[in-house]
Amino acid sequence: MASNAKIRVTVTLQPSGKSSVLIVQTLDDLLRQCSSKLRVKARRIFLASTGEELLTDLSKVSNDMKLIVTCGDTYTVTNPPSTTQTNSIIDSSKVSVQVIANRTLVEQEAIDQLKNVARIYPHVKHIWGMPDLHVGQATPIGCVVATEPSVVYPELIGSDIGCGMSFVRTSLRLVYEDDDRKLSKWTKQLQGLDDYLPKERIDEFLQSDLQWPTTVNKVNIDHSENEQLGTIGAGNHFVELQRIEELYDDKEEDLSKDYLYLLVHSGSRSLGERILREFCKGKGELRGLEKGTDDYDIYMSKHDEACAWAKRNRALIAQRFLTCLGQMTTSAQCLVDIWHNNVVLKDLSSDNSQVHLHRKGAAPSDTGRVVIPGSRGTHSYLVEPIDQNQESSGYSLAHGAGRAMSRSKAHQRFSGKYPDSDRLRITETLDSHVVCDDKQLLYEEHPEAYKTIDAVIDDLVEAKLIRVIAKMRPLITYKTRLTHKE
DNA sequence: ATGTGC
């Protein structure tokens, strides 16, 4: 076979299950790309179907083949995981794996990834999948993993430590229900939000007293690790101006249809990523950190700091957004701030034992109200957990609509279906404004690339996990003014 | 989600 032919393959790292699609030309090229994409020293490659090892070249590999990569271990073909159904306990033998989804479609691949977590991580006691469960790199997004309290797995929290959602009541008003002239003007005023702030402002903000909505720890780290504070980032992060479309509970005294609300979704930017890398790089993907070791103490302290940093990041993003619109930032009040990606020590209600609850894309149901965002141009929901002590759902809820397809698939499909990207700046469904000058993101984050938020909410209501307080309508979704990656 | 390499 000609050595310059390009072949597209799917590689899966064993035992972690992390996978990636690569375009490769030679075996050396393949090993190199595996190392960089999977973040391990890739040493051996096998054909997934037969277990045969690739020793000299890619002559046995053709387009779209599945390959297994290991760091040195031999790979032997095993039976695939048994088929499963959602809304039931999948494997009660050792680890209970439960997926809460009825109306929402959860891909088999995501469920297989969840079962893989149960199989390969020691000391796991319970796993829950939320209705927005979808495929991740190795661990699916939209799940909660409870382990023995003696161990923490950084990989089960991921790189965006502290990522979450702030819901802020502003003093902005819209006099007419659809004052589009005002919204167009505000959209134009949203400038400079992607710029990094001066060191002095960042340092001062990290050391300020902040109630958001409760006291947030001060953060004391070197500015070289802080420069992104106050910026939204990319991917599914955004700031959205909303109004209340339906208020189902008039007893909520801090909610008023007269004012507009800000929803901020962002995390710890590259800070969290550096922390994950520090604890996983070259040490295997599954490494647990054991209580009593220095690594555990250092990771937990950095994790907590990243969580505080992410909260302050959301606060500063909201401030900057309101400043663009000429608002006094002191007039805003944060009603909800939750983490989607973090680990907490939790007392289980069933047997008084403790677990480390790792949330990877899941909202807490044990700290009060949460906002569950839809996809771009769809409603978000302010909800209240019915029982703050609900072990059967892992003390958690869905954190959003959940992707229905990969980013690459979405880009390919929607750039073909909607070639005029400018038209995506006003959403088809609710006529909301979208600020996103990154064309790739416009397609990757297209609403049709996500599951239906109403199905996710229905699943949680039917499972008696939440009651809906308010339905929020998007007015302006701000993603980025940066144009790179086009 | 992110920084980095091709």
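By convention in this document, chain letters (A, B, ...) are assigned in the order of the sequence lines, proteins followed by strands, and residues within each chain are numbered from 1.
Taking atom CD of A:Glu278 as the reference point, atom C1' of B:dG3 lies 16 Å away to the nearest angstrom. If you measure from atom CD of A:Gln33 to atom C1' of B:dG5, you get 10 Å, rounded to the nearest angstrom. Across the protein-nucleic acid pair, A:Glu273 atom CD and B:dT4 atom P stand 8 Å apart, rounded to whole Å. Going from atom CD1 of A:Ile141 over to atom C1' of B:dT2 covers 13 Å, rounded to whole Å. What separates CD of A:Glu155 from P of B:dT2 is a distance of 16 Å, to the nearest Å. Per the geometry, CG belonging to A:Leu22 stands 13 Å off C1' belonging to B:dG5, to the nearest Å. Between the CD atom of A:Gln25 and the C1' atom of B:dC6 there is a distance of 11 Å, rounded to whole Å. Rounding to whole angstrom units, CD1 of residue A:Ile232 and P of B:dT2 are separated by 11 Å.
Residues meeting the side chain to side chain donor-acceptor pair (under 3.5 Å) test with A:Lys346, sequence neighbours left out: A:Asp366.
Put simply, the residue from A:Asp438, A:Leu193, A:Leu190 that forms a side chain to side chain contact (heavy atoms under 4.5 Å, CB included) with A:Arg481 is A:Leu190.
Between A:Ser270 and B:dT2 there is no side-chain polar atom (N or O) within less than 4.0 angstrom of OP1 or OP2. Note on A:Arg269: a side-chain N or O is less than 4.0 Å away from OP1 or OP2 of B:dT2. Within the 4.0 Å cut-off from OP1 or OP2 of B:dG3, at least one side-chain nitrogen or oxygen of A:Gln228 is found.
Contacts classified as salt bridge (charged side-chain N to carboxylate O under 4.0 Å, His left out) and involving residues 300-310 of chain A (residues at least two apart or in different chains) are given here: A:Glu278-A:Lys302.
If you check every strand for non-hydrogen atoms under 4.0 Å, A:Arg407 touches sugar and phosphate atoms only.
For the pair A:Arg287 (side chain) and A:Phe279 (backbone), a donor-acceptor distance under 3.5 Å is present.
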